[in-house]
Amino acid sequence: MPELPEVEVTRRGIAPHLVGRTIAAVTVREPRLRWRVSRAVRSLAGLTVRAVGRRGKYLLIDCGAGHLIVHLGMSGSLQWVDAQAQPGRHDHLDLVIAGGAGNRCVLRLRDPRRFGAVLWTAAAPSSHRLLRHLGVEPLSQRFDGAYLHALVREQRMAIKPLLMDARRVVGVGNIYASESLYLAGIRPQTPAAKLSRARTARLADAVRKTLRAAIRAGGSSLRDYVDGHGGLGCFQTRTRVYDRAGEPCRRCGASIRRIVQNQRATYYCPRCQR
DNA sequence: CCGACAACCTGTGAGC
DNA sequence: TGCTCACAGGTTGTCG
């Protein structure tokens, strides 16, 4: 589910109600996520949240003494709920906020597939083993045509899997990789190194535009994606190629193709993308 | 360095 | 209706 835009929408949704507040308790109903939720996570009561950041698809909740690192995996979502709201089968963890005797003082993690993660680190998050090797943020100043051109140099692999490689560029998942390549008019199978300077510039621009548009739209809403307040994203209704195999290209009418690259489905228009 | 593949899980939709 | 199968937004780790 969540790629960079969904994580960013979630971050913006939860930050205002989390920053400056104190954690009353962490309730773990199911510790078996991607990695077992540690004892440290359960004992954060009393800490005050200073900020909620993001690195790639990781949410970073700054608690002063350390950071909670949250990853939503394939099917995770965070939502504010009432203290008395009954947890469902896949509601694995609650962050209970102090002083909120009123409504919506529980930040609840739901993750049916349990590919997500909740970790605690006392050190700088950037030095954590999961974040240490992450590549450039596509919405940062650094990421432009020149940077991307340097990244693809001498790379024989296809451009789509390269775009999805978090060691090079973070946050671009399966949906937005296909969407960005469509917007840039580039075939997903193109060997990365064969892209000209001009085309990498177009692609960098397309990635930024695609991610920004998705954030503006409130994130994607395949299946049950919800933002921090339970609102549904609406990017799905606007995909150009993703999950549209056999349907006509919205620009030229050609039949959208589905291929498989690195075990992931890729969609593209055979006429608009060369 | 690369790609291929399995693994970690549950839910959904298609087809019979 | 009910069964089986393929597939799903992510990431790690192993192997050739």
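Sequence lines set the chain letters: A, B, ... in the order given, protein chains first and strands last, and positions in each chain run from 1.
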In terms of side-chain heavy atoms of A/Glu3, which of C/dA8, B/dC2, C/dG9 is nearest? C/dG9

Starting at CG of A/Asp111 and ending at P of B/dC9, how long is that distance when rounded to a whole Å? 12 Å

Give a yes/no answer on whether the side chain of A/Gln263 brings an N or O atom under 4.0 Å of OP1 or OP2 in C/dG10. no

Lys/Arg cation over aromatic A/Trp80: A/Arg21, 6.0 Å, 45° cone: no

Do A/Arg187 side-chain atoms and A/Gln273 backbone N/O form a donor-acceptor pair below 3.5 Å? yes

Could you tell me how far apart A/Leu130 (CG) and C/dT11 (C1') are, to the nearest whole angstrom? 9 Å

A/His92 NE2 to B/dC9 P, in whole Å, measures 11 Å

Look up atom CZ in A/Phe115 and atom CG in A/Leu33, then write down how far apart they are to the nearest 0.5 Å. 11.5 Å

Any side-chain heavy atom of A/Thr10 within less than 4.5 Å of one from A/Arg54? no

Could you say whether the aromatic ring of A/Phe115 and the base of B/dC9 stack, counting only centre distances under 5.5 Å and plane angles under 30°? no

Evaluate the side chain to side chain contact (heavy atoms under 4.5 Å, CB included) criterion for residues A/Val169 and A/Val207: first the C-alpha distance (whole Å), next the side-chain angles of each, then the deciding distance (0.1 Å), finally the verdict. CA-CA 10 Å; A/Val169 184; A/Val207 168; 5.5 Å; no

C1' spacing across the pair C/dT4 / B/dC8, given as an integer number of angstrom: 22 Å

Using a heavy-atom cut-off of 4.0 Å across all strands, would you classify A/Ala117 as base, sugar-phosphate, or nothing? nothing

Salt bridge between A/Arg29 and A/Asp94, side-chain N to carboxylate O under 4.0 Å? yes

Of the candidates C/dG9, C/dT12, B/dG3, the side chain of A/Arg264 sits closest to C/dG9

Run through DNA chain B and report every stem of 3 or more consecutive Watson-Crick or G-U pairs, distances under 3.5 Å, ordered by first number. B:2-8 with C:10-16, B:10-16 with C:2-8

Tell me yes or no: between the side chains of A/Ser178 and A/Thr266, is some donor less than 3.5 Å from an acceptor? no

Expressed as a whole number of Å, how far does the C1' atom of C/dG9 sit from that of B/dG3? 22 Å

Sugar-phosphate, base or nothing in reach of A/Gln155, heavy atoms under 4.0 Å: sugar-phosphate

Could you check how far CG of A/Leu163 sits from P of C/dG9, rounded to whole Å? 15 Å

Between the base of B/dC9 and the side chain of A/Arg113, is there a donor and acceptor pair under 3.5 angstrom? yes

C/dA8 OP1/OP2 closer than 4.0 Å to side-chain N/O of A/Arg258: yes

Can you tell me if A/His133 touches the phosphate of C/dT12, counting only side-chain N or O atoms and a distance under 4.0 Å to OP1 or OP2? no

Residues A/Glu179 and A/Thr210: side-chain donor-acceptor under 3.5 angstrom: no

I need the CG-P distance between A/Asp165 and B/dC2, as an integer number of Å. 9 Å

Rounded to whole Å, how long is the line connecting atom CG of A/Asn262 with atom P of C/dT12? 15 Å

Report the residue (A/Arg34 or A/Arg89) whose heavy-atom-nearest nucleotide on DNA chain B is the more 5′ of the two. A/Arg34

Answer yes or no: does a side-chain N or O of A/Arg129 lie under 4.0 Å from OP1 or OP2 of C/dT12? no

B/dC8 P sits how many Å from A/Leu72 CG, rounded? 22 Å

By the ring-ring contact (aromatic ring centres under 6.0 Å, His included) test, which pairs, at least two apart or in different chains, include something from residues 122-154 of chain A? none

Does OP1 or OP2 of C/dT11 have a side-chain N or O of A/His71 closer than 4.0 Å? yes

Side chain of A/Met157 (C-beta onward), nearest among B/dC2, B/dA4, C/dG10: B/dC2

Short side-chain N/O contact from A/Tyr176 to OP1 or OP2 of C/dG9, under 4.0 Å: no

Given C/dG10, C/dC7, B/dG11, the nucleotide with the shortest approach to the side chain of A/Met164: C/dG10

In this structure, how many angstroms lie between the P atom of C/dT12 and the CZ atom of A/Arg36, rounded? 20 Å

Rounded distance in Å between the P positions of B/dA6 and C/dA6: 13 Å

Among B/dC2, C/dT12, C/dA8, which nucleotide sits nearest the side chain of A/Tyr267? C/dA8

